[in-house]
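Data first, discussion second: the structure below is written as structure tokens.
These numbers were taken from a predicted model, which means no experiment stands behind them. The chains referred to below are lettered A, B, ... by the order of the sequence lines, with proteins before strands, and numbering in each begins at 1.
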2 protein chains.
Amino acid sequence: MFSKTCKYAINAMIYVASLPGGNERSGLKDISKAINSPEAFTAKILQQLVKSDLLHSMKGPNGGFYIHRDTHQIFLSEIVQAIDGDLIFTGCALGLEKCSEDHPCPVHHKFKAVRDHLTGMLMTTSLKDVADSVNVGSSFLKI
Amino acid sequence: MFSKTCKYAINAMIYVASLPGGNERSGLKDISKAINSPEAFTAKILQQLVKSDLLHSMKGPNGGFYIHRDTHQIFLSEIVQAIDGDLIFTGCALGLEKCSEDHPCPVHHKFKAVRDHLTGMLMTTSLKDVADSVNVGSSFLKI
DNA sequence: ATATTAAAGGATATTTTTGTCCTTTATAAA
DNA sequence: TTTATAAAGGACAAAAATATCCTTTAATAT
Ligand code: FES
Ligand code: FES
């Protein structure tokens with residue numbers, strides 16, 4: 001469904017969003033430990049997220065990553081889009097070059113419903129929603 | 001969503017199912033031309049489908065691939081399962097080792113709904129359904 | 001029987017994804 | 001100002017997915 005990179009990205013964003021105190025920073029080591037991901041690879045992903053402006057960073061002692069925007073207004077769809085692009089939102093299930101009503105693949109209509117369901121879910125689920133569930137202990141970021 | 005291999009597999013199965021006359025055989029070349037896939041790679045995929053008993057084959061002149069079972073009773077889910085396994089039906093969206101209610105990831109509940117939607121769609125859409133739409137010209141297998 | 005056809009199978013190549021390592025740059029504390 | 005810290009960046013490595021090539025096997029037609 002999502003690339004492994006994208007899964008790490010979502011988990012990392014949720015972890016940072018779940019930290020107490022709005023603009024607390026957390027470092028690469030903390031993050032990759034918290035989400036159980038390879039450190040060096042996670043570093044690359046966090047860089048991508050910073051470039052996409054979903055995450056911000058600070059170098060030096062007490063540096064780390066933090067979220068600038070209100071997590072209530074950051075949706076999972078933005079993270080997925082930043083990492084995996086929008087093929088998941090618009091691509092053809094069977095690999096046709098372009099998904100369209102005019103030239104649909106055999107599963108287009110049924111698949112579109114599912115894809116739109118997924119898109120809707122991602123576009124309406126905020127980082128705050130999911131981070132809260134981690135904070136109250138009703139959901140988990142690893143194992 | 002599906003691996004490229006799986007997309008080719010679904011397309012190939014649809015193409016064979018769409019041939020007139022129940023047990024008509026069609027060869028590798030026809031199939032890969034019809035679905036616009038690399039021939040040698042498609043051969044491997046067809047082999048997998050034969051091993052999975054979704055497709056049957058005959059060597060020699062006038063040989064080729066054909067479907068034994070009633071296409072009305074073959075569902076897309078079987079093809080996806082045969083090629084991509086069942087991670088798509090049961091795997092965790094965020095990569096937790098195991099998707100479960102007891103130890104859910106932060107998107108578990110919302111994702112489960114989407115995943116079940118997809119699963120339901122695949123389990124209720126038969127090869128006949130989609131092959132018919134190709135035959136009446138209302139859907140397409142390539143470009 | 002022999003030749004031809006077409007799938008099966010094995011080995012290998014290419015590309016993409018995932019992952020690591022090491023150096024450089026920016027920031028802050030001492 | 002020096003040192004420590006932590007992210008950024010570049011080069012490289014490993015693994016997995018995708019793709020090709022060539023030989024072998026089975027079936028048919030001549
Ligand atoms: S054309 Fe295939 S999903 Fe729309
Ligand atoms: S635990 Fe992640 S989808 Fe169920």
Side-chain angles (χ1 to χ4, degrees), chain A residues 1-12 15-16 23-68 80 82-85 87-88 91 94-95, chain B residues 1-12 15-16 23-68 80 82-85 87-88 91 94-95:
Chain A
M1 193 75 85
F2 307 124
S3 70
K4 225 165 166 183
T5 304
C6 189
K7 292 176 189 178
Y8 289 145
I10 297 172
N11 274 315
Y15 173 69
V16 176
N23 44 3
E24 187 124 351
R25 272 164 273 174
S26 83
L28 170 61
K29 273 180 195 167
D30 290 337
I31 295 174
S32 57
K33 216 165 285 175
I35 69 173
N36 198 30
S37 65
E39 201 176 303
F41 189 48
T42 304
K44 298 298 184 191
I45 299 169
L46 296 178
Q47 277 177 45
Q48 283 187 69
L49 290 170
V50 168
K51 276 188 189 153
S52 307
D53 224 52
L54 286 161
L55 202 57
H56 289 255
S57 68
M58 192 75 145
K59 289 183 179 180
N62 300 316
F65 298 89
Y66 59 99
I67 293 174
H68 209 62
V80 173
I83 304 294
D84 278 352
L87 227 63
I88 199 169
L94 299 188
Chain B
M1 192 75 85
F2 307 123
S3 71
K4 225 165 166 184
T5 304
C6 189
K7 292 175 188 177
Y8 290 145
I10 296 172
N11 275 314
Y15 172 69
V16 176
N23 43 5
E24 188 125 351
R25 270 164 275 176
S26 84
L28 170 62
K29 272 179 196 166
D30 291 337
I31 296 173
S32 58
K33 215 163 286 174
I35 69 174
N36 198 29
S37 65
E39 202 176 303
F41 189 50
T42 305
K44 299 298 184 188
I45 299 170
L46 296 177
Q47 277 177 46
Q48 283 187 68
L49 290 170
V50 168
K51 277 189 188 153
S52 307
D53 225 52
L54 285 160
L55 202 57
H56 288 255
S57 69
M58 192 73 147
K59 288 183 178 179
N62 300 316
F65 298 89
Y66 59 98
I67 294 175
H68 209 62
V80 173
I83 304 294
D84 278 353
L87 227 63
I88 199 169
L94 298 188

Given atom [atom1] of [X] and atom [atom2] of [N], what is their separation to the nearest angstrom?
X     : N      : atom1 : atom2 : result
B/E39 : C/dG9  : CD    : C1'   : 16 Å
A/L46 : D/dA8  : CG    : P     : 8 Å
A/F65 : D/dT5  : CZ    : C1'   : 13 Å
A/L49 : D/dA8  : CG    : P     : 11 Å
B/K7  : D/dA19 : NZ    : C1'   : 16 Å
B/I45 : C/dA7  : CD1   : P     : 15 Å
A/Y66 : D/dA7  : OH    : C1'   : 12 Å
A/Q48 : D/dA7  : CD    : C1'   : 15 Å

From [atom1] ([X]) to [atom2] ([Y]), nearest 0.5 Å:
X     : Y     : atom1 : atom2 : answer
A/I35 : A/K7  : CD1   : NZ    : 12.5 Å
A/L94 : B/M1  : CG    : CE    : 11.0 Å
B/E39 : B/D30 : CD    : CG    : 9.5 Å
A/L46 : A/F65 : CG    : CZ    : 4.5 Å
A/I45 : A/I31 : CD1   : CD1   : 11.0 Å
B/L49 : B/L54 : CG    : CG    : 6.0 Å

Establish, with yes or no, whether the OP1 or OP2 oxygen of [N] is under 4.0 angstrom from a side-chain nitrogen or oxygen of [X].
X     : N      : result
A/N62 : C/dT27 : no
B/S57 : C/dA6  : no
A/Q47 : D/dG9  : yes
B/T5  : D/dT18 : yes

What parts of residues 27-38 of chain B reach DNA chain C, counting only heavy atoms under 4.0 Å away?
-> B/G27, B/L28

Go through [options] for me and flag the one nearest to the [X] side chain.
X     : options                : answer
B/P61 : D/dG9, C/dG10, D/dT28  : D/dT28
B/K59 : C/dT18, D/dT25, D/dT28 : D/dT25
A/K44 : D/dG9, C/dT27, C/dG19  : D/dG9
B/Y8  : D/dA19, C/dA28, D/dT28 : D/dA19

Write down the atom of B/D84, the atom of B/F2, and the distance for their closest heavy-atom approach.
->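 What the structure gives for the nearest pair is OD2-CA, 3.6 Å.
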
Kindly assign one of parallel, tilted or perpendicular to the pair B/F41 and B/Y8, based on the angle between their ring planes and the thresholds 30° and 60°.
-> perpendicular

Which residue lies toward the 5' end of DNA chain C, A/C6 or A/M58, if each is placed at its nearest nucleotide?
-> A/C6

By nearest-heavy-atom nucleotide on DNA chain C, the more 5' of A/G60 and A/S3 is A/S3

Could a donor-acceptor pair under 3.5 angstrom be found where the side chain of A/K4 meets the base of C/dG19?
-> no

Base, sugar-phosphate, or nothing for A/K51, non-hydrogen atoms under 4.0 angstrom?
-> sugar-phosphate

